[in-house]
Protein chains: 2
Amino acid sequence: MDDYQELARRVRAQGGRMTPQRQIVLEAISALDGHASANEIYEWVAARAPAVNRATVYRVLRFLCEANLVAPFATDGVMLYELVGARPHHHLVCRGCGHVEPIPAQALDVLVTALCREHGFQAELRHLAITGLCRECRQ
Amino acid sequence: MDDYQELARRVRAQGGRMTPQRQIVLEAISALDGHASANEIYEWVAARAPAVNRATVYRVLRFLCEANLVAPFATDGVMLYELVGARPHHHLVCRGCGHVEPIPAQALDVLVTALCREHGFQAELRHLAITGLCRECRQ
DNA sequence: GTTTCTGCAAAAGCTTTGCAGTATC
DNA sequence: GATACTGCAAAGCTTTTGCAGAAAC
């Protein structure tokens with residue numbers, strides 16, 4: 001997680017203001033392995049700052065997405081939010097236990113190029129979520 | 001879409017019964033390009049059979065998923081349902097207009113093999129949804 | 001001091017569930 | 001005739017919104 005000054009700078013670059021709520025939501029996602037649902041984030045925040053409201057968490061998340069500090073992706077009817085890091089990567093989402101495991105982007109650029117060439121589709125592979133069963137749930 | 005007899009056989013193979021509601025839900029998905037949200041399916045059905053209830057559509061969809069006649073996949077907080085066809089394929093989901101375009105599976109078997117070998121993850125690439133912007137929404 | 005943000009409460013959208021009656025086998 | 005399925009109504013869960021007050025700039 002970047003330090004407070006850097007975050008404040010990026011928030012203000014969006015014409016926004018830095019607040020304790022925005023800071024603690026970012027801390028929460030960071031503490032939750034860099035990706036979590038709105039509810040998980042709310043629970044984490046509520047344990048430390050009970051005054052923070054659920055609606056605020058959702059509004060903060062939307063703001064952070066628009067500020068490109070956080071990226072949303074969909075899994076099984078629930079939205080997950082992840083910190084936008086330096087390295088692009090993808091997600092293995094287990095439909096058994098819900099565990100999300102990041103994997104490096106690597107050779108999928110070939111796929112992106114092909115999709116663009118053949119379908120005119122600009123894939124955003126940062127948000128690619130591959131559903132399946134993890135090692136534990138396969139047994 | 002398979003004919004009624006074949007569908008009825010597969011439904012009964014699950015220990016279920018063939019009903020007009022289950023038939024018309026399958027018709028709806030077929031008419032909606034083979035993939036649709038629960039709401040789209042409900043609207044299509046309601047236009048032809050107003051007596052069919054929303055809850056029934058959801059229950060039918062769950063049954064059909066368990067019967068492997070239909071497969072669910074997640075996009076932007078809404079569940080989509082698709083007919084399980086002969087050929088596996090994937091989906092390009094536009095986050096601008098919500099349009100879903102199927103693409104052939106092709107060379108992604110390499111990816112599946114790699115994920116299994118390196119992460120012990122059994123990918124279900126039938127349900128792979130790639131988010132991005134379609135040709136129209138890019139402009 | 002102005003503008004943005006938050007808390008509260010209420011509501012909207014999607015999905016599930018309990019129950020009594022109905023339809024399928 | 002026994003069992004599974006449906007309609008209805010109600011509720012559960014996730015997410016959004018209107019508004020008045022508070023905080024950041």
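Quick note on labels: first sequence line is chain A, next is B, and so on, each numbered from 1. Small disclaimer: the values here were computed from a predicted structure and weren't measured.
The CG-P distance, from L61(A) to dT15(D), rounds to 9 Å in whole Å. Straight-line distance from the CD atom of Q14(A) to the C1' atom of dC25(D): 17 Å, rounded to whole Å. Rounded to whole Å, atom P of dC13(D) lies 12 Å from atom CD of E43(A). Separating the OH atom of Y42(A) from the P atom of dT6(C) is a distance of 15 Å, rounded to the nearest angstrom. One atom, OH of Y58(A), and another, C1' of dG18(D), lie 18 Å apart when rounded to the nearest Å. Look at CG on L64(B): it is 15 Å from P on dT15(C), rounded to the nearest Å.
E124(A) meets the salt bridge (Lys or Arg N to Asp or Glu O under 4.0 Å) test with R95(B); sequence neighbours excluded.
Relative to the six-membered ring of F121(A), R135(B) misses at least one condition, a distance below 6.0 Å or an angle of at most 45° to the axis.
Aromatic rings of F73(A) and H91(A) (six-membered ring for Trp) have centroids within the 6.0 Å cut-off, being under it.
Shown here for A28(B) and V45(B), the closest heavy-atom pair between the two residues is CB-CG2, 3.9 Å. The two residues A67(B) and Q14(B) make their nearest non-hydrogen contact at CB-CG, 3.4 Å. For the residue pair R10(A) and N68(A), the shortest heavy atom distance occurs at NH2-O, 3.9 Å.
One distance of note links CG of L61(B) with CG of L69(B); it measures 11.5 Å at 0.5 Å rounding.
At least one side-chain heavy atom of P102(B) sits less than 4.5 Å from a side-chain heavy atom of H35(B).
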Atom pairs under 3.5 Å: protein N/O with N/O of nucleotides 4-7 of chain D:
{"from": "dA4(D)", "atom 1": "O4'", "to": "R17(B)", "atom 2": "NE", "distance (Å)": "3.3"}
{"from": "dA4(D)", "atom 1": "O4'", "to": "R17(B)", "atom 2": "NH1", "distance (Å)": "3.1"}
{"from": "dA4(D)", "atom 1": "O4'", "to": "R17(B)", "atom 2": "NH2", "distance (Å)": "3.4"}
{"from": "dC5(D)", "atom 1": "OP1", "to": "R17(B)", "atom 2": "N", "distance (Å)": "3.3"}
{"from": "dC5(D)", "atom 1": "OP1", "to": "R22(B)", "atom 2": "NH1", "distance (Å)": "2.7"}
{"from": "dC5(D)", "atom 1": "OP1", "to": "R22(B)", "atom 2": "NH2", "distance (Å)": "3.0"}
{"from": "dC5(D)", "atom 1": "O5'", "to": "R22(B)", "atom 2": "NH2", "distance (Å)": "3.3"}
{"from": "dT6(D)", "atom 1": "OP1", "to": "T19(B)", "atom 2": "OG1", "distance (Å)": "3.0"}
{"from": "dT6(D)", "atom 1": "O3'", "to": "Q21(B)", "atom 2": "NE2", "distance (Å)": "2.9"}
{"from": "dG7(D)", "atom 1": "OP1", "to": "Q21(B)", "atom 2": "NE2", "distance (Å)": "3.3"}
{"from": "dG7(D)", "atom 1": "OP1", "to": "A51(B)", "atom 2": "O", "distance (Å)": "3.2"}
{"from": "dG7(D)", "atom 1": "OP2", "to": "N53(B)", "atom 2": "N", "distance (Å)": "3.1"}
{"from": "dG7(D)", "atom 1": "OP2", "to": "T56(B)", "atom 2": "OG1", "distance (Å)": "2.5"}
{"from": "dG7(D)", "atom 1": "N7", "to": "R59(B)", "atom 2": "NH2", "distance (Å)": "2.8"}
{"from": "dG7(D)", "atom 1": "O6", "to": "R59(B)", "atom 2": "NH1", "distance (Å)": "3.3"}
{"from": "dG7(D)", "atom 1": "O6", "to": "R59(B)", "atom 2": "NH2", "distance (Å)": "3.3"}

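For the helix from dG1(C)-dC25(D) to dC25(C)-dG1(D), the axis fitted to the five pairs at one end and the axis fitted to the five pairs at the other end meet at an angle of 40° (nearest 10 degrees).
Nearer to the 5' terminus of DNA chain C, by closest-nucleotide assignment, is the contact made by R62(B) (compared with the other of M18(B) and R62(B)).
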